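A quick note: this is a predicted structure, and the numbers were derived from the prediction, not measured.
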Amino acid sequence: MKLTLVHEHKLPTGVLGLALAPDGSEAFAACADGALYWVELATGDNEPFDEKHPSFASGCVLLPTARR
């Protein structure tokens, strides 16, 4: 299997888990600073969700209802 870099976006901390939207337009990153970030893949725009975990966030999953 050959991997190809399509996007490279910077976040303020290391990513420990990643979930991609089914349409490939956005991603959600669970990070070492305890935050979960929303990332728009076309532009690289990102923002953290309001609440952080008291420690690191090691994973995230998108539910079928598409709620955030």
Check: His7 side chain, Gly44 main-chain N or O, donor-acceptor pair, under 3.5 Å = no

task = Considering non-hydrogen atoms only, spot the tightest contact between Asn46 and Lys10 and give its length.
result = ND2-O, 3.5 Å

inquiry  = Within this structure, what is the OH-SG distance for the pair Tyr37 and Cys60, rounded to the nearest 0.5 Å?
reply    = 13.0 Å

task = Spell out, yes or no, whether Val15 and Trp38 are grouped together once hydrophobic residues are joined by side-chain heavy atoms under 4.5 Å, including indirect joins.
result = no

ask   = How would you list, by chain and number, every residue that makes a salt bridge (charged side-chain N to carboxylate O under 4.0 Å, His left out) with Asp45, sequence neighbours excluded?
value = none

ask   = Glu26 versus Val39: any side-chain heavy-atom pair under 4.5 Å?
value = no

inquiry  = Quick one, Pro48 and Leu36 - any side-chain contact, counting heavy atoms below 4.5 Å?
reply    = no

query = So how far is it from His9 NE2 to Leu11 CG, rounded to the nearest 0.5 Å?
reply = 9.0 Å

Distance-only donor-acceptor pairs under 3.5 Å for side chains of residues 16-24, two or more places apart:
{"from": "Asp23", "atom 1": "OD1", "to": "Ser25", "atom 2": "N", "distance (Å)": "3.0"}
{"from": "Asp23", "atom 1": "OD1", "to": "Ser25", "atom 2": "OG", "distance (Å)": "2.8"}
{"from": "Asp23", "atom 1": "OD2", "to": "Ser25", "atom 2": "OG", "distance (Å)": "3.2"}

